[in-house]
There are 2 protein chains.
Amino acid sequence: MTVYGGSGDPKRSLELLWGVQEEKPKRGPKPRFTVDDIVRVAIAIADAEGLDALSMRRVAGDLGITAMSLYGYVPSKAELIDVLVDRVVGEIEMVEVAGDWRAKLEHVARENWRLNVRHPWLLQVSSSRPVLGPNMIAKYDYELRAVNGIGLTSIEMDLVIGFVTDYAHGAARNAVEAAQVEQRTGATDDQWWEEYSPLLEKVFDAEKYPVAAVVGAEAGAEYGAAVDPSRAFEFGLVRLLDGVAVLVGSKG
Amino acid sequence: MTVYGGSGDPKRSLELLWGVQEEKPKRGPKPRFTVDDIVRVAIAIADAEGLDALSMRRVAGDLGITAMSLYGYVPSKAELIDVLVDRVVGEIEMVEVAGDWRAKLEHVARENWRLNVRHPWLLQVSSSRPVLGPNMIAKYDYELRAVNGIGLTSIEMDLVIGFVTDYAHGAARNAVEAAQVEQRTGATDDQWWEEYSPLLEKVFDAEKYPVAAVVGAEAGAEYGAAVDPSRAFEFGLVRLLDGVAVLVGSKG
DNA sequence: TGAAAACTCCCTACACCGTAGAGTATTGTT
DNA sequence: AACAATACTCTACGGTGTAGGGAGTTTTCA
């Protein structure tokens, strides 16, 4: 279900990511493709149809070769995914944001949100022991600079960045799932609720759960759905920055 | 990869969850098991070996029957997972916490964290349009009561609870992945880093990324690893509650 | 100018997955 | 005893990642 990055040979993954080339082969037929071709096709598949659709057979098929031929370019699927991740991480807009740390940090959160919404399959790739490709490192440095020189220790800087990026990932996950659920089930939120609510009313005891009854009803009416992920992101972002502000303020 | 809850027939799922029984059959052989037996076995498998190991064949095998026999109890795997989720959600400790909203909200966050760490496969089940079983509803009501009567609107209460639970889920996800990566790769963080760092040093340009170099080194030394998810959770929890406090304070 | 080496790519196979469809065994009712 | 209803099994399909071995193509060296 969840796919794991960094599972393959770290050496080979790093070589792929940083373009370190062992001396290239002299004899034998020329490869028809490059790793770059494969990565491009793979990202297209994952973006359009999700990580479930990204199989070795599918990638190979789109290139016009067989699954096993890919193993001449890439040691296994795990390393391929490592490369995909670092590739799209490079899409993060790493501009110098005018203003204070808060403006910069907000931009960091929004860029992380955007990245994950644009490439939802990223949310399914585990990030423990990530393979540190060039774009991943550039991103880490860029994000740290948002909170550099405002009185935080290195540890605090690292924790704050983790806090912000994790939040953005979680919020993006909710947004992506909400967007996909309609397509997956073939029913809009309205249609779903129309079928679901009469069934639920038979079993839900509004007297036993008065708070849930009131809040659930009001929230549903306000959102026009069970949840509104985009609004939740904006709401949480303010709380989050307020919370960091308390920390920063305590250093002054 | 990600598994989707609530994909099956909502009617049948709700019946399973709320124990609504169609009149039970008179003729034919007695069922050997109950849905409860199946759920218990399935949770044991998922807890011990993850959601990937939870196949219909595996559950059936553990019960001593064949995969297809399960379809007499449960319409499909999707509904089974719906039931699993509501079942473990019932483990949340819904006690009246002494103190103010902050103490209550902290308890909510910790219980969500604990639940997801204890049943890591929960993190792989999509939560859009969740099937609202009895335990899910009880949890929602319980959590809302933590922020009831402190001047927030219904919408704000809903958003705050979403903010807190989403945070706990994300933090738990990191903790679970960090714990699993060692088992999965057969290498401790130390071993991994010993093999990885010399390779990375060849490609990492400390002059190009001075902030990342300093912070990464200090953080690594402090944690004794690349990350410390438990510490990150505690750190973020304080920021998060501080941020909510700003909102609550503005209502006073 | 062969022959051999090196390389890319294909084919087959394995053990899994969820579940459709059809068949069999067991039980209760008439 | 006959029949109906149910529980369960068996087989099959199209999918997964990738191991192993063979086929075909290009370059190098004698």
Side-chain angles (χ1 to χ4, degrees), chain A residues 1-5 7-9 12 21-35 37-38 41-42 45-46 49-84 121 124-125 184, chain B residues 1-5 7-9 12 21-35 37-38 41-42 45-46 49-84 121 124-125 184:
Chain A
M1 321 267 166
T2 298
V3 157
Y4 302 107
S7 308
D9 182 4
R12 191 83 179 84
Q21 55 215 4
E22 57 253 42
E23 75 283 354
K24 66 176 177 184
K26 299 293 179 191
R27 301 205 255 214
K30 298 290 176 209
R32 274 200 247 168
F33 309 104
T34 63
V35 173
D37 294 328
I38 294 170
V41 165
I45 294 170
E49 300 172 52
L51 205 52
D52 291 339
L54 185 77
S55 71
M56 298 301 266
R57 282 175 176 81
R58 175 65 199 280
V59 173
D62 282 14
L63 285 165
I65 56 179
T66 63
M68 288 312 292
S69 303
L70 293 179
Y71 289 82
Y73 297 92
V74 159
S76 85
K77 193 184 182 184
E79 283 85 357
L80 174 58
I81 289 178
D82 286 345
V83 179
L84 301 192
W121 49 271
Q124 288 170 255
V125 180
R184 204 176 70 238
Chain B
M1 322 261 172
T2 298
V3 158
Y4 301 107
S7 308
D9 183 5
R12 191 82 178 84
Q21 55 214 5
E22 56 255 44
E23 74 284 353
K24 68 176 176 184
K26 299 288 180 197
R27 302 205 256 215
K30 297 290 178 208
R32 276 200 245 166
F33 309 103
T34 63
V35 173
D37 294 328
I38 293 169
V41 165
I45 294 170
E49 301 172 51
L51 206 51
D52 291 339
L54 185 76
S55 70
M56 298 301 266
R57 282 174 175 83
R58 176 65 197 281
V59 172
D62 283 13
L63 285 164
I65 56 180
T66 63
M68 287 312 292
S69 305
L70 294 179
Y71 288 82
Y73 297 93
V74 159
S76 84
K77 192 184 182 183
E79 283 85 357
L80 175 57
I81 289 178
D82 285 345
V83 179
L84 301 192
W121 48 271
Q124 289 170 254
V125 181
R184 205 176 69 236

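Note that this is a predicted model, so its numbers are computed, not measured.
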Quiz item: So which one's nearest nucleotide on DNA chain D is more toward 5', A:Ser55 or B:Met68?
Solution: B:Met68

Quiz item: Base, sugar-phosphate alone, or nothing: which one does A:Phe33 contact when heavy atoms must sit under 4.0 Å apart?
Solution: nothing

Quiz item: Between B:Met56 and A:Gly72, who's closer to the 5' end of DNA chain C by nearest nucleotide?
Solution: A:Gly72

Quiz item: Between A:Lys77 (NZ) and D:dT16 (P), how many Å, whole number?
Solution: 9 Å

Practice problem: Rounded off to whole Å, could you give me the OH-to-C1' distance for the B:Tyr71 and C:dA22 pair? | Solution: 17 Å

Self-check item: Length of the line joining A:Leu70:CG and D:dT16:C1', which is rounded to integer Å
Solution: 14 Å

Quiz item: Roughly, in whole Å, what's the span from NZ in B:Lys30 to C1' in C:dG28?
Solution: 8 Å

Practice problem: Please tell me which of B:Ser69 and A:Arg57 maps to the more 5' nucleotide of DNA chain D, matching each residue to the nucleotide holding its nearest heavy atom. | Solution: B:Ser69

Quiz item: Rounded to the Å, how far apart are A:Ile45 CD1 and D:dG15 P?
Solution: 15 Å

Quiz item: Between C:dC17 atom P and A:Asp52 atom CG, what is the distance in whole Å?
Solution: 16 Å

Exercise. Any chance you could measure A:Ile38, atom CD1, to A:Ile65, atom CD1, to the nearest 0.5 Å?
Key: 6.0 Å

Quiz item: Can you tell me how far CG of A:Asp62 sits from CG of A:Leu54, rounded to the nearest 0.5 angstrom?
Solution: 10.0 Å

Quiz item: Hey, what do you get for NZ (A:Lys77) to CG (A:Leu80), rounding to the nearest 0.5 Å?
Solution: 8.5 Å

Practice problem: To the nearest 0.5 Å, tell me how far B:Ile45 CD1 sits from B:Arg58 CZ. | Solution: 4.5 Å

Quiz prompt | Atom pair CH2 (A:Trp121) and CG (A:Asp52), whose distance is rounded to the nearest 0.5 Å | solution = 13.5 Å

Quiz item: What integer distance in Å separates B:Glu79:CD from C:dG18:P?
Solution: 14 Å

Quiz item: Among C:dT8, D:dT9, D:dC8, which nucleotide sits nearest the side chain of A:Tyr73?
Solution: C:dT8

Quiz item: How is A:Arg32 classified with respect to the nucleic acid when contacts are heavy atoms under 4.0 Å: base, sugar-phosphate, or nothing?
Solution: sugar-phosphate

Quiz item: Whole-Å distance between D:dT6 P and B:Ile65 CD1?
Solution: 18 Å

